[in-house]
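One structure is given here, and the rest of the page talks about it.
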Amino acid sequence: MDTQPGRQRCAADADEVRGICVRHDRRADALIEILIDVQHARGCVADADVGVIAEALNLSLAEVHGVRSFYADFSTTPKGRCVVKLCRAEACQSVGSDALAEQLRARLGVEFGQTSRDGMHTLEAVYCLGNCALGPAAMVNGRLIGRADSERIDAMITEVGND
Amino acid sequence: MTEPVNAWLPADAAALSVGADAVAAALVTEAARRGVELRLKRTGSRGMMWLEPLLEVEVDGVRAGYGPLSPEDVPSLFAADFPAAESHPRCVGLVEEIPFLARQQRLTFARCGIIEPLDLDAYQAHGGLAGLQRAAGMAPERIVEAVTESGLRGRGGAGFPAGIKWRTVLEQAADRKYVCCNADEGDSGTFADRMLIEGDPFTLLEGMVIAGFATGASEGLVYVRSEYPHAIATLRRAIELWRDKGLLGADVLGSGRAFDITLRRGAGAYICGEESSMLESLEGRRGEVRVRPPIPAISGLFARPTVVNNVLTLATVPLLLADAAAPTRYAALGEGRSTGTQPFQLAGNIRRGGLVERAFGITLRELIEDFGGGTLSGRPVRAVQVGGPLGAWLPASSLDVAMTYEALAGVDAMLGHGGIVVFDDSVDMARMAEFAMAFCAEESCGKCTPCRIGAVRGAETLQKVRRGEHVADNIRLVEDLCEVMTDGSLCAMGGLTPMPVLSALKHFPEDFAPADDARTHHAAQVTS
Ligand SMILES: Cc1cc2nc3c(=O)[nH]c(=O)nc-3n(C[C@H](O)[C@H](O)[C@H](O)COP(=O)(O)O)c2cc1C
Ligand code: SF4
Ligand code: FES
């Protein structure tokens, strides 16, 4: 997985994106799936990728761009190596997720929706992770944390860093 | 000890979130160290989340429980006469005698937490496939009748009778029809869809195939939100397994009827739980809400007749088809037009959070106090939001309301997807009202003005109220905005956002008053 910030794109990148489109039979109705796979493989869906996808699926640039911008999971620039999502919805608020949000901002030195300058951490607000009886809930690179606090999130950041 | 020990530990995301895998690893290590033959199976969750990770071990043919377990508890567990370690501090006795579980009526969730999610033999041994096998020999009309007779209503939020929806799809003549399962489960305070998909995914597949047989659809799609990676992985394997076994494909169960299922992921948009927005997303587009009519049952996915049902609606179908008397038995449960059982979800600031499946009609108080044991913080319950972010806030004085569609409507509230979020007395309700508007602004699909602009204005105005600026005037402005949003929004996102806002204003006016002692007191608690 390549999530290096500011990495130059090349023909090989386009091939990878084209390959993802082919895996989905170049079906326009699979556009969201394709974007998810591109985001996952490349850490973002860059403007250049939008062009490649539009061509492969026979869609206009505007259509693909419009879809990319609608869904929160897609980013135009690479996310950090470690993506920390904190649930900020009601059930988690009731057990202190707002205070935890402040701690995380300070701890990681980034605002919600931003990536640290060294490309290590992205902090994101999400609305419900389906773990509302064990809040506050957080997710670090797809790993769910219940009864989250800064220590447990820190430990998970270290753990996924070693993966 | 020479006898092998049968044990079960959830691999449900909630259990994993509090360390179930580490407990599993410790169990395996410790068993090996002591020469105990441990037959550890990973299941879904029973839904007693405060006890997770909850280990179950077989003792004299029944299951005893230990929870919440940490890896550090494991050595002492083995030391204490394992598996019958009654004296161990984490022993919770026989699992099915725990009042939280014993007092439930588990129908939709009958197998969840008991069997391995992908064990087809265990599924059948516990009643699975009975509904599909029977439905395979029934005329579509008869299947629709059975579902109609049961009184089953949609569990996704709107509560529309499933049988009527299915009949509409059945009556359409079309080259293709679809069954779309809504697993977007975006409401805060809800996790039942996730639990079911992770713990008993075959039930959902079975319900979808039956829906296909009933309506003449041969393609099914499940739209699962991206926030549920564990559910996605389990469902994917479940679908593959069913294809391998001929339970999906060109000739399901040798019935001559075709049905296949595709999994599609969401990408972080609450509005995609709204059915027409979900259909747009399934077609590869922005999740913009469609104008009705037509309804999806007439023109849905790719303009074809489409059944759109929630996970729980579809997962309840198999048991309704299991035998001829099943619909009547189901319809006998509940109250009035709220028939059957509802998987309620106790969430937020609650001592014993989790899933409670009970017949409609149980009171909110019974759920929160008897099942939930009150708040986690030990402070008094002050406000409860029922039915997700678009649901009403109820004060502690309203807890005696019966949990039925009708009784909740009677107090200007709604059941939604059955989520119950409890707050203690540190909550600032003006803040929650502002949050409701801000959430709507964030998640609005942008198609209609009352919602797109109204929510932004609403959040701004409530901020002013919270700052104490022209409080009375600004509250009036919020009320006007709510009226415009209720009357003029295209869908329930904008149309129902006023529900949490107005209910907060109605039941907790003191939180919106110009700063006085009480208010400052609350604010101080919230920020502390
Ligand atoms: C903003 C909004 C979000 C919704 N989210 C969901 C959801 O996450 N899951 C769901 O099943 N229904 C959701 N619904 C309800 C669906 O539009 C639809 O009524 C439901 O999927 C139909 O299935 P049912 O009849 O089995 O409930 C939502 C509705 C709105 C307006
Ligand atoms: S009410 Fe909001 S979410 Fe619904 S269609 Fe209008 S803008 Fe979209
Ligand atoms: S509200 Fe936070 S996990 Fe559901």
Side-chain angles (χ1 to χ4, degrees), chain A residues 24 27-37 39-40 45 57 59 63-74 85 87-99 102 124-139 141-148 152 156, chain B residues 13-14 16-18 49-50 52 185-191 193-195 225-231 264-270 272 281-288 302 345-350 353-355 376-377 385 389 419 421-424 427 432 435 439 442-443 445 526-528:
Chain A
H24 289 280
R27 285 173 63 151
D29 61 293
L31 178 56
I32 319 285
E33 286 286 330
I34 290 169
L35 291 171
I36 293 170
D37 287 351
Q39 173 78 42
H40 191 77
V45 184
L57 270 51
L59 294 169
E63 280 170 301
V64 180
H65 183 271
V67 172
R68 177 185 64 173
S69 64
F70 186 85
Y71 297 92
D73 287 357
F74 307 135
K85 299 181 182 193
C87 175
R88 308 209 60 185
E90 291 91 338
C92 287
Q93 287 180 38
S94 77
V95 284
S97 66
D98 284 345
E102 288 312 309
E124 291 181 350
V126 290
Y127 297 92
C128 195
L129 291 165
N131 200 22
C132 333
L134 290 172
M139 197 178 255
N141 287 9
R143 303 248 226 131
L144 188 62
I145 308 171
R147 297 276 186 248
R152 302 200 52 217
M156 188 62 89
Chain B
L16 297 180
S17 83
V18 285
M49 298 310 182
W50 79 99
E52 295 291 2
E185 195 165 66
D187 288 2
S188 168
T190 67
F191 44 83
D193 296 351
R194 182 189 61 66
M195 265 184 65
R225 64 200 300 255
S226 61
E227 291 85 349
Y228 285 1
H230 307 86
R264 285 292 185 79
R265 292 167 291 177
Y270 177 76
C272 286
S281 190
L282 285 171
E283 291 183 17
R285 283 194 292 271
R286 295 164 66 88
E288 273 172 19
F302 301 115
Q345 297 127 85
L346 294 176
N349 194 334
I350 185 112
L355 183 118
L376 179 69
S377 60
Q385 190 173 31
V421 177
V422 178
F423 278 73
D424 71 14
V427 68
M432 299 319 294
F435 178 81
F439 182 73
E442 174 83 20
E443 299 293 338
C445 84
V526 167
T527 46
S528 67

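So you know, we letter chains A, B, ... as the sequences are listed, proteins then strands, and number each from 1.
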Which answer fits [X], side chain, backbone, both or neither, if we ask what part of it has an atom under 4.5 Å from a heavy atom of chain A?
X: B:E185; result: neither
X: B:L376; result: side chain
X: B:M195; result: neither
X: B:Q345; result: neither
X: B:Y270; result: neither
X: B:P389; result: both
X: B:R194; result: side chain
X: B:C272; result: side chain

Top contributor to chain A contacts, counting heavy-atom pairs under 4.5 Å, from [options]:
options: B:S226, B:A269, B:G419, B:G287; answer: B:G287
options: B:L16, B:D193, B:L282; answer: B:L282
options: B:H230, B:E283, B:E288; answer: B:E283
options: B:E227, B:E443, B:E52; answer: B:E227
options: B:G353, B:G266, B:G189, B:P229; answer: B:G189

*Could you tell me the separation between the CD atom of A:E124 and the SG atom of A:C87, rounded to the nearest 0.5 Å?*
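It is 13.0 Å, given to the nearest 0.5 Å.
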*To the nearest 0.5 Å, how far apart are NE2 in A:H65 and CZ in B:R286?*
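Rounded to the nearest 0.5 Å, the NE2-CZ separation comes to 9.5 Å.
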Residue [X] versus chain B: region with a heavy atom under 4.5 Å:
X: A:V67; result: both
X: A:Q93; result: both
X: A:A28; result: backbone
X: A:I36; result: side chain
X: A:R152; result: side chain

Considering all heavy atoms of both residues, which atom of [X] and which atom of [Y] are nearest to each other, and what is their separation?
X: A:C128; Y: B:S188; answer: SG-CA, 3.9 Å
X: B:L346; Y: B:F191; answer: O-CZ, 4.0 Å
X: B:D424; Y: B:S377; answer: OD2-OG, 2.6 Å
X: B:R265; Y: A:I32; answer: O-CG2, 4.0 Å

*asked:* Among A:A72, A:G130, A:A137, A:P136, which residue has the highest count of heavy-atom pairs closer than 4.5 Å to chain B?
replied: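 Of A:A72, A:G130, A:A137, A:P136, A:G130 has the most heavy-atom pairs under 4.5 Å with chain B.
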*Just give me the residue among A:A30, A:G146, A:S94 that pairs up with chain B most often, heavy atom to heavy atom, under 4.5 Å.*
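It is A:S94.
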*Heavy-atom count around A:H24 NE2 within 6.0 Å, excluding the residue itself: above 12?*
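Counting neighbours around NE2 of A:H24, more than 12 heavy atoms of other residues, nucleotides or ligands fall under 6.0 Å, so yes.
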*Spell out, as yes or no, whether a donor-acceptor pair under 3.5 Å connects the side chain of A:R143 to the backbone of A:M156.*
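Judged by distance alone, no pair lies under 3.5 Å.
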*With the side chain counted from C-beta on, respond yes when B:V18 and A:L134 share a heavy-atom pair under 4.5 Å apart, and no when they do not.*
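B:V18 vs A:L134: side chains touch.
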*State, yes or no, whether a side-chain contact exists between B:V427 and A:E90 at a heavy-atom distance under 4.5 Å.*
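Not in contact.
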*Stepwise, does the side-chain contact (heavy atoms from CB on, under 4.5 Å) test hold for A:Y71 with B:S281?*
CA-CA 10 Å; A:Y71 297 92; B:S281 190; 2.9 Å; yes
_Parallel, tilted or perpendicular: ring planes of B:F439 versus B:F435, cut at 30 and 60 degrees_ =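 Parallel: the ring planes of B:F439 and B:F435 meet at under 30°.
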